[in-house]
Amino acid sequence: MKLIDAHVHLSDAEYAGHIDELIADARAAGIVALVTNSLDLKTCKSDLKLAKKYADLVYPALGIHPWNVKVLKENELEQTIDLIQKQKNAVKAIGEIGLDYKYETLWEKQMTVFDKMLRLAESLDLPVIIHSRGTTDKIVEMLPSYSLKRVLLHWFSHSISTLYKAMDNGYFITEGPPATYSNFIREIIEKVPLTHFLTETDGPVTYRKRPYNGQLTKPSFIHNVVEAVAEIKKMQADDVAQQIAENFEVFFNVKLS
Ligand SMILES: [Zn+2]
């Protein structure tokens, strides 16, 4: 079974010192692709290095996360854009980018950074990976004014009517470990066409419920997610994994070996 973790943060401080172990765990679990999402200039650089080191497994999505907007250093936005432009052949997506209602006080700055990231994706013809906590409706409404190749709404957790709007636009979504225990997430998985779905861990986010029990999130958790999706969709896990691997190739324009 070929498994995909389409959204993880390998450069996060919580994973420091554990990368070799994580990569070994991923390979042993049948993971064939890890999309590492950056948060700022520093993690963009580090994610590029990891993608080079584990070239057959790790794919970089580079960008500035809305949570990092408030701590952006002078010229960091410009430097990040410059780095991504220079490394455009290595970059597989612009992510993680978006808007977060929790930082509403920085709304204007969040909008400026998000707009610049979307314009960059347009100009480099790259897909985007979007964080939309509390802002999914707004984002689904604003994205059609950009000319974007492909859009992924990560950890989709909004209404089913918004999910349908996103599907009408041809967007993809990801879901992760909560697929095993959250009825809300399970309902979204039931409704989403499998052709527009990818699996993620969003590691190092910690999942306290069973069967994860608060342990450090590992790519091998994807196996539980695929099993849960197969149960919800009343399909064989092998067939679910096969479709997700195909979706990965389509979304990121990558050929899996
Ligand atoms: Zn994330």
Side-chain angles (χ1 to χ4, degrees), residues 3-16 18-19 22 26 31 33-48 50-51 57-72 80 84 91-103 106 110 113-114 117-118 120-121 126-136 139 143 150-158 166 171-179 182 185 188-189 197-208 212 214 216-222 224-225 244 247-248 251-252:
L3 302 179
I4 307 286
D5 187 346
H7 189 101
V8 61
H9 300 277
L10 295 178
S11 294
D12 191 284
E14 267 191 73
Y15 281 151
H18 297 286
I19 292 297
L22 271 175
I31 302 280
L34 290 162
V35 181
T36 185
N37 280 241
S38 66
L39 307 167
D40 57 7
L41 181 60
K42 193 175 157 216
T43 49
C44 279
K45 288 178 181 167
S46 158
D47 281 336
L48 277 169
L50 289 169
L57 184 67
V58 175
Y59 301 90
L62 305 190
I64 292 175
H65 194 288
W67 294 352
N68 284 72
V69 163
K70 70 171 177 189
V71 291
L72 270 191
T80 305
I84 295 171
V91 180
K92 295 299 167 203
I94 300 299
E96 177 174 352
I97 60 170
L99 298 171
D100 195 311
Y101 80 96
K102 211 177 144 191
Y103 295 103
L106 287 166
Q110 278 198 53
V113 172
F114 188 40
M117 291 290 124
L118 293 171
L120 181 64
L126 284 169
V128 291
I129 300 175
I130 292 187
H131 170 104
S132 62
R133 185 166 54 168
T135 57
T136 314
I139 286 177
L143 288 187
R150 282 176 295 280
V151 172
L152 190 153
L153 299 170
H154 122 80
W155 199 330
F156 185 94
S157 44
H158 209 76
Y171 299 165
F172 285 62
I173 67 159
T174 40
E175 298 295 354
S182 160
I185 295 298
I188 290 165
I189 293 171
F197 178 79
L198 285 159
T199 42
E200 68 169 18
T201 58
D202 202 17
V205 166
T206 303
Y207 303 96
R208 307 234 163 256
Y212 316 107
L216 182 69
T217 295
K218 295 183 289 191
S220 55
F221 288 7
I222 293 293
N224 299 78
V225 182
I244 291 170
N247 298 347
F248 170 81
F251 189 84
F252 292 101

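Just so we're clear, the structure is a prediction, and the values are computed from it rather than from any experiment. Note that ligands are numbered from 1 as they come in the structure, with each ligand's atoms numbered from 1 the same way.
- At distances below 3.5 Å, at least one donor-acceptor pair connects side-chain atoms of S182 with backbone N or O atoms of I185.
- Taking the N/O/S atoms of H7 in turn, the shortest distance to the Zn ion (ligand 1) belongs to NE2.
- Under 3.5 Å, the side chains of S11 and S46 contain a donor-acceptor pair of N or O atoms.
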Distance-only donor-acceptor hits, side chain of residues 60-71, under 3.5 Å, sequence neighbours excluded:
residue : atom : partner : partner atom : Å
H65     : ND1  : W67     : N            : 3.0
H65     : NE2  : E96     : OE2          : 3.1
W67     : NE1  : D100    : OD2          : 2.7

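- The minimum distance between the Zn ion (ligand 1) and any N, O or S atom of E96 involves atom OE1.
- Taking the Zn ion (ligand 1) as reference, D202 places its N/O/S atom OD1 nearest.
- A donor atom on one side chain and an acceptor atom on the other are found under 3.5 Å apart for D202 and H7.
- At a cut-off of 2.8 Å, H154 is not counted among the residues with an N, O or S atom near the Zn ion (ligand 1).
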